[in-house]
Amino acid sequence: MLLTVNNLRDIEGDRASGKITLAVCLGAEFTRTGYLLLGLLGIVFAMSFFLVGKYIPVIATAPYLVFHICTYLKMKRIPGGKELNVILEKTATNIFLFGFFLSAGCLIQMTIA
């Protein structure tokens with residue numbers, strides 16, 4: 001996700017210099033949608049715990065969704081360029097929070113099992 005935001009931030013410069021990135025090829029709007037989907041995909045992968053009867057790790061990651069969606073909505077309001085540096089920072093924080101919530105959920109699940 002960090003790379004997605006980084007490529008979105010640099011899309012105009014990359015296009016002008018002839019650099020071919022996914023963001024340049026697919027466009028800014030598709031890249032923004034891809035950012036949202038990548039964050040949701042993390043939750044889908046976390047749901048694999050359901051397959052082995054472990055529910056707490058999945059439930060523990062739910063707060064991450066709020067942070068991810070808020071960051072996405074903020075990103076949609078920023079046209080591009082260096083203003084997206086704020087989104088880079090928030091995305092790094094969100095990735096950390098996802099890992100923290102998932103790890104905490106796993107530890108709690110292990111202590112009850």
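What you see is a predicted model; the values in this text were computed from it and never measured. Computed from heavy atoms alone, side chains included, the values below leave out hydrogens, waters and symmetry copies.
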Please answer: with hydrophobic residues joined when any side-chain heavy atoms are less than 4.5 Å apart, are [X] and [Y] in the same cluster?
X	Y	answer
V58	L40	yes
L2	L8	yes
I95	L3	no
L65	L38	yes

Requested in this report: Evaluate the side-chain proximity of L41 to L37: yes if any heavy-atom separation is below 4.5 Å, no if none is.
Outcome: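 Not touching, per the 4.5 Å side-chain cut-off.
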Query raised in the report: Are side-chain heavy atoms of L97 and P63 found at a separation under 4.5 Å?
Result: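 They are not in contact (no side-chain heavy atoms under 4.5 Å apart), so the answer is no.
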Tell me, please, which residues at least two apart from [X] pass side-chain hydrogen bond (donor to acceptor under 3.5 Å, both in side chains).
X	answer
E12	R15
T71	N94
N85	R9

Query - Check: F100 main-chain N/O paired with S103 side-chain donor or acceptor under 3.5 Å - result: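 A pair under 3.5 Å: no.
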Query raised in the report: Counting N and O atoms only, with roles assigned by atom type, does the side chain of Q109 sit under 3.5 Å from a partner on the main chain of K54, one being a donor and the other an acceptor?
Result: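 No: the side chain of Q109 does not pair with the backbone of K54.
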Query - Where at least one partner belongs to residues 28-53, residue pairs that pass ring-ring contact (aromatic ring centres under 6.0 Å, His included), sequence neighbours excluded - result: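 Output for this query lists Y35-H68, F50-Y55.
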Query raised in the report: Which pairs pass ring-ring contact (aromatic ring centres under 6.0 Å, His included) with one or both residues in residues 72-97, sequence neighbours excluded?
Result: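 Applying ring-ring contact (aromatic ring centres under 6.0 Å, His included) to every pair that reaches into residues 72-97, excluding sequence neighbours, yields nothing.
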Query raised in the report: Do other residues, nucleotides or ligands put more than 12 heavy atoms under 6.0 Å from the CG atom of L36?
Result: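 Enclosed: over 12 neighbouring heavy atoms sit under 6.0 Å from CG of L36.
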**Report entry** Approximate separation, where rounding is to 0.5 Å, of T33 OG1 and L26 CG
**Finding:**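 Output value for this atom pair is 10.5 Å.
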Query raised in the report: Looking at CD1 of I87 and CE of M1, how far apart are the two atoms once the value is rounded to the nearest 0.5 Å?
Result: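 One gets 12.0 Å once the value is rounded to the nearest 0.5 Å.
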Query raised in the report: At their closest point, which heavy atom of A60 faces which heavy atom of G105, and how far apart are they?
Result: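 Scanning both residues completely, I find the closest heavy atoms to be CB-CA, 3.8 Å.
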Query - Contact summary for I108 and T111, nearest pair of heavy atoms - result: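 Looks like O-OG1, 2.7 Å.
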Requested in this report: Test side-chain contact (heavy atoms from CB on, under 4.5 Å) on L22 and T31 and set out the steps.
Outcome: CA-CA 8 Å; L22 274 177; T31 302; over 6 Å; no
Query raised in the report: What residues join V86 in its hydrophobic cluster, counting side-chain heavy atom gaps under 4.5 Å, either direct or through other members?
Result: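 Answer for V86: none, a lone residue.
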Report task. Each residue besides V24 in its hydrophobic cluster should be listed here, by chain and number; the cluster joins Ile, Leu, Val, Met, Phe, Trp and Tyr at side-chain heavy-atom distances under 4.5 Å. Result ->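 Listed partners: I11.
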Query raised in the report: Residues in salt bridge (Lys or Arg N to Asp or Glu O under 4.0 Å) with K74, at least two apart?
Result: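 For K74, no residue satisfies salt bridge (Lys or Arg N to Asp or Glu O under 4.0 Å) once neighbours in sequence are set aside.
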Query raised in the report: Who are the side chain to side chain contact (heavy atoms under 4.5 Å, CB included) partners of A46, not counting sequence neighbours?
Result: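 A46 satisfies side chain to side chain contact (heavy atoms under 4.5 Å, CB included) with T61, F98, L102 once adjacent residues are dropped.
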Query raised in the report: Which residues satisfy the side chain to side chain contact (heavy atoms under 4.5 Å, CB included) test with L73, sequence neighbours excluded?
Result: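 Result, side chain to side chain contact (heavy atoms under 4.5 Å, CB included) vs L73: I69, R77.
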Query raised in the report: Can you list every salt bridge (Lys or Arg N to Asp or Glu O under 4.0 Å) pair that touches residues 57-66, not counting sequence neighbours?
Result: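 Salt bridge (Lys or Arg N to Asp or Glu O under 4.0 Å) check on residues 57-66 returns no pairs.
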Query raised in the report: For residues 81-104, which residue pairs qualify under salt bridge (Lys or Arg N to Asp or Glu O under 4.0 Å), counting only residues two or more places apart or in two chains?
Result: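 Passing the test, one end in residues 81-104: no pairs.
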